[in-house]
Amino acid sequence: ASRGSDTHEDMADTLARDGAARSPHVVAAFRAVDRAQFLPADARADAYIDSPARSGVFHQSSPSIYAAALEALDLGGARRRSFLNIGSGTGYFSALCAAAAAAAGGELSPHVGLERHAELVDWARTRTTTDPAARIRAELVAFSSSSLADHLADIAPYAAARGASSLAELAALPADTLDDMIASAGWSILKAATFRRHLARYHDEHAGRTWLPPRAPDVFYDVGDVFDVVEALRDAHSPLRGRFDRVYVGAGVDRSSCRVLLRLLAPDGLLVAPRDDRHGEAQRLVTAVRRGAGDASTAPRMSARNEASSS
């Protein structure tokens, strides 16, 4: 995916053509999950280019990095697996993992995302919520600036009460229904005019498109980081020990912490984590597999130049 693509489907085809995504279920995941839907408006212009995306605390690694991580996690086969994503960020990589498992006929359950930024935890949760009002508000944020979304968010419950569960359905409501909603919300003439202008622009530019992905299998997101997990695992009776079939660490981790994280693995479980080389010039994805009930063994999986692997 060395060049830009016009859609996430095109990006998936490019990743496959360039050899970054090799397995059918990995290619299917990139075709199913739109990267732009997990980025704020000011970071979305280059969503389909194979490069990192960043805006404040929002950060995603290059799609090819995620493809390598998906391949390393080995989510093929019609199996139910427990999965922990440490550093789940925007929720994009968790969504890719869920889609890859589903495409292979399997399921990730329980599926846990741990992220140290509370803002990103809230963002990731709203990508997969089933509450109509919450989805409309999340789409307002995704489609527009967050300040405008905050300004207009109080219309969401009134829209949901009238049967709208997405921004597209809200835009399609009859004019008299919109008038009734605005009256119920008690908006000023200026705020109502702003809302109508915003909705008209959405209808003209993206009629019928939802700015949220289809609801994935439940992902439990919580606030925390790798250091919290390492500390919890030092307790010999921690319920996290032996809990997960697959673990991904979405940020660089030192060797000693990585050894502690191996305690997360269930028998035959697999952990994938990026780790800098000795010179800090490249980053490898290192895999660790727990063979049966024994200790985990590690092996390097791939190399990527100067790329942090945050979700």
Task: Pairwise distance OH(Tyr92) to OG(Ser61) - rounded to 0.5 angstrom - done: 11.0 Å
Open item on the list: Strictly distance-based, threshold 3.5 Å: is any side-chain N or O of Asp222 a donor or acceptor partner for the main-chain N or O of Leu114?
Closed with: no
Task: Minimum side-chain heavy-atom gap Arg243-Leu264 below 4.5 Å - done: no
Task: From OG (Ser62) to CG (Asp50), nearest 0.5 Å - done: 5.0 Å
Task: Any Lys191 side-chain heavy atom under 4.5 Å of Thr194 side chain - done: no
- [ ] For residues Glu115 and Tyr221, determine if any side-chain heavy atom of one lies less than 4.5 Å from a side-chain heavy atom of the other.
- [x] no
- [ ] Measure the spacing between CZ of Arg263 and CG of Asp235 and express it to the nearest 0.5 Å.
- [x] 10.0 Å
Open item on the list: Using every non-hydrogen atom in the two residues, find where Ala67 and Ala20 come nearest and quote the distance to one decimal.
Closed with: CB-O, 3.5 Å
Task: Pair Thr14, Arg17: side-chain N/O donor-acceptor within cut-off below 3.5 Å - done: yes
Task: Residue pair Val247 / Leu261, side-chain heavy-atom distance below 4.5 Å - done: no
- [ ] Please round to the nearest 0.5 Å and tell me the distance separating atom OG of Ser94 and atom CG of Leu108.
- [x] 9.0 Å
Open item on the list: Would you compute the distance between atom CG of Leu262 and atom OG of Ser257 and round it to the nearest 0.5 angstrom?
Closed with: 11.0 Å
Task: Test side chain to side chain donor-acceptor pair (under 3.5 Å) applied to Arg246 - qualifying residues, sequence neighbours left out - done: none
Task: Co-membership, hydrophobic cluster, residues Phe195 and Tyr158, 4.5 Å side-chain - done: yes
Task: Heavy-atom check, side chain of Tyr48 versus side chain of His8, under 4.5 Å - done: yes
TODO: Measure the shortest side-chain to side-chain distance between Phe58 and Leu120 over non-hydrogen atoms and say whether it is less than 4.5 angstrom.
DONE: yes
Open item on the list: Salt bridge check, Arg31 against Asp13: does any charged N sit closer than 4.0 Å to a carboxylate O?
Closed with: yes
Open item on the list: What's the separation between atom SG in Cys97 and atom CG in Leu75, rounded to the nearest 0.5 Å?
Closed with: 5.5 Å
Task: Gly269 backbone acceptor or donor facing Arg290 side chain under 3.5 Å - done: no
Open item on the list: Any non-hydrogen side-chain atom of Arg116 less than 4.5 Å from a side-chain atom of Phe227?
Closed with: no
Side-chain donor-acceptor contacts of residues 170-185 below 3.5 Å, not counting sequence neighbours, with atom names and distances?
from, atom 1, to, atom 2, distance (Å)
Asp179, OD1, Arg196, NH2, 2.2
Asp180, OD2, Arg162, NE, 3.4
Asp180, OD2, Arg162, NH2, 2.9
Ser184, OG, Arg162, NH2, 3.3
Ser184, OG, Asp180, O, 2.9

